[in-house]
Student: 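Got a structure here, written out as structure tokens. Questions coming.
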Amino acid sequence: MHLVAISGSLKQSSANSALVRAMHDAAPDHVEVWDGLGDLPHFTPDDDGGAPVARLRDAVTRADALVIATPEYAGGMPGSLKNALDWLVGTGELYDKPVVVVSAAPSPERGVH
């Protein structure tokens, strides 16, 4: 089983980034951390996104499943994570791929959405 773990936070010291790194540390042969969220250009349907988007698509293609650990901002996912998902729309990498979404938050009220 090969998992690709993505933190929805651009903050290196975030709890969600720490969670995906801990997953890799616990099972380095099975968990790949994809940390290129901040490198992605804004989604543009008329563009291919270049090398950063190709790296995202390659990582998702290699994965048997994805784990997304993300904070909640204003009742939803961070814009940078939504941007990454937009780059995957219509290209097929996520089709029939199991995805787990978690939120490592310091209180029970955070991450409920």
Side-chain angles (χ1 to χ4, degrees):
M1 174 72 63
H2 179 75
L3 300 177
V4 169
I6 300 171
S7 173
S9 177
L10 296 177
K11 184 178 180 181
Q12 286 299 312
S13 65
S14 82
N16 291 286
S17 296
L19 176 61
V20 298
R21 287 191 302 267
M23 290 175 59
H24 170 76
D25 291 347
D29 294 335
H30 300 284
V31 179
E32 171 187 350
V33 174
W34 184 81
D35 60 359
L37 197 62
D39 299 329
L40 295 174
H42 295 290
F43 176 70
T44 305
D46 295 329
D47 191 8
D48 70 2
V53 172
R55 285 191 289 273
L56 169 63
R57 289 179 174 156
D58 288 345
V60 173
T61 298
R62 285 192 309 276
D64 295 312
L66 295 180
V67 176
I68 299 172
T70 184
E72 177 183 315
Y73 294 154
M77 74 177 81
S80 55
L81 178 58
K82 171 72 167 73
N83 185 54
L85 296 175
D86 285 344
W87 279 111
L88 298 173
V89 171
T91 54
E93 295 87 6
L94 279 177
Y95 297 171
D96 297 321
K97 182 107 28 188
V99 178
V100 174
V101 180
V102 299
S103 185
S107 67
E109 301 84 32
R110 297 173 72 187
V112 296
H113 295 105

Student: So which atom in L66 and which in A63 form the shortest heavy-atom distance, rounded to 0.1 Å?
Tutor: CD2-CB, 4.0 Å
Student: More than 12 non-hydrogen atoms from neighbouring residues, nucleotides or ligands closer than 6.0 Å to NE2 on H2, yes or no?
Tutor: yes
Student: Atom CG of L10 and atom CG of L37: how far apart are they, to the nearest 0.5 Å?
Tutor: 5.0 Å
Student: Atom NZ of K82 and atom CH2 of W87: how far apart are they, to the nearest 0.5 Å?
Tutor: 12.5 Å
Student: Cluster question for you: counting only ILVMFWY and a side-chain heavy-atom cut-off of under 4.5 Å, with indirect links fine, are M77 and L88 together?
Tutor: yes
Student: Report yes or no: do L3 and V60 belong to one cluster of Ile/Leu/Val/Met/Phe/Trp/Tyr joined by side chain heavy-atom distances under 4.5 Å?
Tutor: no
Student: How close do T61 and E93 get, counting heavy atoms only, and between which atoms?
Tutor: OG1-CG, 3.3 Å
Student: To the nearest 0.5 Å, what is the distance between OG on S80 and CG on L85?
Tutor: 10.0 Å
Student: Taking all non-hydrogen atoms of both residues into account, name the closest pair between E72 and S103 and its distance.
Tutor: N-OG, 4.5 Å
Student: Only distances under 3.5 Å count here; give the side-chain donor-acceptor pairs of residues 15-28 to other protein atoms, sequence neighbours excluded, each with its distance to 0.1 Å.
Tutor:
unit_1, atom_1, unit_2, atom_2, d
N16, OD1, T70, N, 3.2
N16, OD1, A104, N, 2.8
S17, OG, S7, OG, 2.9
S17, OG, K11, O, 3.2
S17, OG, S14, OG, 3.0
R21, NH1, Q12, O, 3.2
R21, NH2, Q12, O, 3.1
H24, ND1, V31, O, 2.7

Student: Quick check: do P78 and P71 have side-chain heavy atoms less than 4.5 Å from each other?
Tutor: yes
Student: With rounding to the nearest 0.5 Å, note down the distance linking CH2 in W34 to CG in D39.
Tutor: 7.0 Å
Student: On a heavy-atom basis, which atom in V53 and which in P41 lie closest, and how many Å separate them?
Tutor: CG2-CD, 4.0 Å
Student: Please determine whether residues I6 and V99 belong to a single hydrophobic cluster, defined as Ile, Leu, Val, Met, Phe, Trp and Tyr linked transitively by side-chain heavy-atom distances below 4.5 Å.
Tutor: yes
Student: Report whether V101 and L94 are members of the same hydrophobic cluster (ILVMFWY, side-chain heavy atoms less than 4.5 Å apart, transitive linking).
Tutor: yes
